[in-house]
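To start, the structure under review is shown below, and the notes come after it.
Side chains are part of it too, since the values below use all heavy atoms of this structure and drop only hydrogens, waters and symmetry mates. Here is the naming used below: chain letters follow the sequence lines, and residue numbers restart at 1 for every chain.
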2 protein chains.
Amino acid sequence: MSTAHSLATEELGSTAQRERRKRILDATIDLASQGGFDAVQMRAVADQAEVALGTLYRYFPSKIHLLVSALGREFEKTETALRERQLTGQTPAERVIEVLKLTSRGLQGDPHLTEALTRAFMFADSSVQTEINQVGMFMTSMVTRAMHPGRTEFDDQDVAIARVIGDVWLSALMGWVTGRSTAAETGQQIEVAVRLLLRD
Amino acid sequence: MSTAHSLATEELGSTAQRERRKRILDATIDLASQGGFDAVQMRAVADQAEVALGTLYRYFPSKIHLLVSALGREFEKTETALRERQLTGQTPAERVIEVLKLTSRGLQGDPHLTEALTRAFMFADSSVQTEINQVGMFMTSMVTRAMHPGRTEFDDQDVAIARVIGDVWLSALMGWVTGRSTAAETGQQIEVAVRLLLRD
DNA sequence: TCCATAATAGGAACACGTTTCACTTCTTCG
DNA sequence: CGAAGAAGTGAAACGTGTTCCTATTATGGA
């Protein structure tokens with residue numbers, strides 16, 4: 001239970017274990033990408049990753065843990081990619097919107113995957129706290145760094161704003177994955193919130 | 001499928017049907033209140049409401065529909081109660097915070113119920129759109145009326161702000177029901193967002 | 001190298017949401 | 001009233017997440 005479920009930290013364990021873990025997460029992403037949350041069936045993941053069902057459960061104690069861990073891995077990739085990108089917006093608001101649009105576009109480019117990962121995130125309880133916090137920190141970090149490029153320390157107000165933006169982002173994403181709003185509406189919703197929050 | 005799942009509107013149907021519907025929702029609230037989302041088992045609801053499982057599914061096509069409908073009924077009660085209450089806050093921000101605190105306190109007084117209803121809300125897809133929209137409208141209405149007591153028409157900016165507040169509220173509530181944050185943190189989070197959004 | 005231990009495979013079994021179906025009871029309307 | 005159709009009953013059955021168990025295989029230290 002201890003190390004196997006942590007997220008972005010370096011894993012302990014043998015090479016074989018790291019490879020199994022990777023195969024499992026790859027299979028998860030693949031299935032999610034094809035058919036969303038419902039298509040990520042534990043038996044199917046185990047088959048595709050070529051591990052036994054029991055082994056899958058040893059690595060990830062539930063479907064939710066599995067999906068949130070996969071989400072963490074994807075988010076980490078996104079954040080790394082963003083780090084290398086030069087933002088063009090002239091104001092904090094514009095840069096934040098830029099980052100969120102880039103991220104959203106990435107997600108909306110793979111609706112099934114996004115649906116699966118978001119659903120898992122929303123359903124996760126406190127037993128998934130570690131993984132959830134990782135994702136939350138990626139989010140906050142992305143937003144604050146867009147607000148003040150180059151800076152590495154941020155005051156409470158900035159972090160508070162970033163959190164609120166994260167909340168709106170999650171709610172909007174939820175509306176989108178559940179089919180209650182379109183991609184355009186989602187973008188609009190986030191943009192409105194950011195402009196309200198960063199209107200100095 | 002047509003009328004049986006609508007929410008706050010007056011129901012068609014015979015007296016017997018209205019009573020069955022009420023018994024079902026009562027049983028749902030009761031079970032949710034005792035043991036949360038997991039305790040609302042369709043067989044248990046059917047038993048306690050004294051209807052057959054098939055009948056339950058005739059009235060509510062899924063557990064999610066059932067719970068979101070129950071949420072709607074509870075929300076309607078809350079909104080009615082709030083209408084009669086005189087708000088004491090001197091500014092829009094203070095009144096909105098007052099309303100949200102009252103509402104949250106009501107919810108947090110029954111954690112299991114809140115967990116069940118929030119989970120259902122977050123998991124609902126577009127087939128539950130009608131019920132979801134009802135709840136969203138109650139929320140927006142409560143916030144805008146707290147911003148401008150007495151007024152009945154609200155401009156786009158106000159509605160946009162109310163929506164953002166609703167998003168934050170939902171995210172914060174999600175954090176709370178999933179055990180990721182405490183009641184105090186949840187209140188804090190909402191208060192920060194409201195002050196940021198209504199700081200004129 | 002060999003043994004103790006941990007990890008994995010393979011698969012049965014269970015829980016609960018959901019579907020289905022044959023039968024019975026109620027409602028409505030001519 | 002009496003028949004046709006709608007609504008309800010009761011129970012079986014299915015799908016998928018989760019648990020459990022035994023036999024087999026890999027690993028790491030003496």
Side-chain angles (χ1 to χ4, degrees), chain A residues 1-5 11-24 27-28 31-32 34-70 115-116 119-120 122-125 127-128, chain B residues 1-5 11-25 27-28 31-32 34-70 116 119-120 122-125 127-128:
Chain A
M1 272 289 281
S2 55
T3 65
H5 315 126
E11 296 302 328
L12 301 168
S14 66
T15 307
Q17 283 173 333
R18 257 177 289 127
E19 277 170 1
R20 267 198 196 88
R21 190 167 201 281
K22 176 173 185 319
R23 282 209 310 277
I24 291 172
T28 303
L31 288 166
Q34 288 175 234
F37 189 88
D38 290 341
V40 181
Q41 301 185 356
M42 299 305 267
R43 291 170 180 86
V45 172
D47 278 0
Q48 187 163 330
E50 294 182 290
V51 298
L53 190 55
T55 305
L56 173 53
Y57 272 93
R58 169 186 293 274
Y59 280 75
F60 301 95
S62 77
K63 176 170 172 172
I64 298 296
H65 281 82
L66 174 59
L67 280 166
V68 175
S69 297
E115 185 250 5
R119 277 237 148 93
M122 294 186 306
F123 220 62
D125 67 9
S127 75
V128 204
Chain B
M1 271 292 280
S2 55
T3 65
H5 314 127
E11 296 301 330
L12 300 169
S14 68
T15 306
Q17 283 173 331
R18 258 176 288 127
E19 278 170 2
R20 267 199 195 84
R21 190 169 202 280
K22 175 173 185 321
R23 281 210 310 277
I24 291 172
L25 290 177
T28 303
L31 288 166
Q34 289 176 234
F37 188 88
D38 291 341
V40 182
Q41 300 184 357
M42 299 305 267
R43 290 170 179 89
V45 172
D47 278 0
Q48 187 162 329
E50 295 183 288
V51 298
L53 189 56
T55 307
L56 173 54
Y57 273 94
R58 170 186 293 275
Y59 280 76
F60 301 94
S62 78
K63 176 169 172 172
I64 298 295
H65 281 82
L66 174 59
L67 280 167
V68 175
S69 297
R119 277 240 149 91
M122 294 185 308
F123 220 62
D125 66 11
S127 76
V128 203

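The side-chain hydrogen bond (donor to acceptor under 3.5 Å, both in side chains) search around B:D47 returns none, not counting sequence neighbours. By the side-chain hydrogen bond (donor to acceptor under 3.5 Å, both in side chains) test, A:T55 pairs with no residue at all, sequence neighbours left out. Applying the side-chain hydrogen bond (donor to acceptor under 3.5 Å, both in side chains) test to B:D38 and every residue at least two apart in sequence or in another chain returns nothing. Every residue two or more places apart in sequence or in another chain that forms a side-chain hydrogen bond (donor to acceptor under 3.5 Å, both in side chains) with B:Q48 is listed here: B:D30. Looking at residues two or more places apart in sequence or on another chain, you find no side chain to side chain contact (heavy atoms under 4.5 Å, CB included) involving A:A39. Residues passing the side chain to side chain contact (heavy atoms under 4.5 Å, CB included) test with B:A116, sequence neighbours excluded: B:A32, B:F37, B:L67.
For the pair A:K63 and B:R20, both in contact range of DNA chain D, the more 5′-proximal nearest nucleotide belongs to B:R20. The residue among A:L56 and B:A16 whose nearest nucleotide of DNA chain C lies closer to the 5′ end is A:L56. Of the two residues near DNA chain C, B:G54 and A:A52, the one whose nearest nucleotide lies more 5' is A:A52.
DNA chain C is contacted by B:V40, B:Q41, B:M42, B:R43 of residues 39-48 of chain B, taking any non-hydrogen atom closer than 4.0 Å.
Running 5' to 3' along DNA chain D, contacts with non-hydrogen atoms of chain B at under 4.0 Å begin and end at D:dA7 to D:dA13. Here the range on DNA chain C touched by chain B, meaning any atom under 4.0 Å from one of its heavy atoms, is C:dC16 to C:dT19.
In this structure, A:T28 and A:L31 have side chains that are not in contact, with every pair of non-hydrogen atoms separated by 4.5 Å or more. Residues B:V68 and B:K63 are not in side-chain contact: their nearest non-hydrogen atoms beyond the backbone lie 4.5 Å or more apart. Taking 4.5 Å as the limit, every side-chain heavy atom of B:F123 sits out of range of all side-chain heavy atoms of A:M122.
Without hydrogens or angle criteria, B:H65 side chain to B:Y57 main chain gives no donor-acceptor distance under 3.5 Å.
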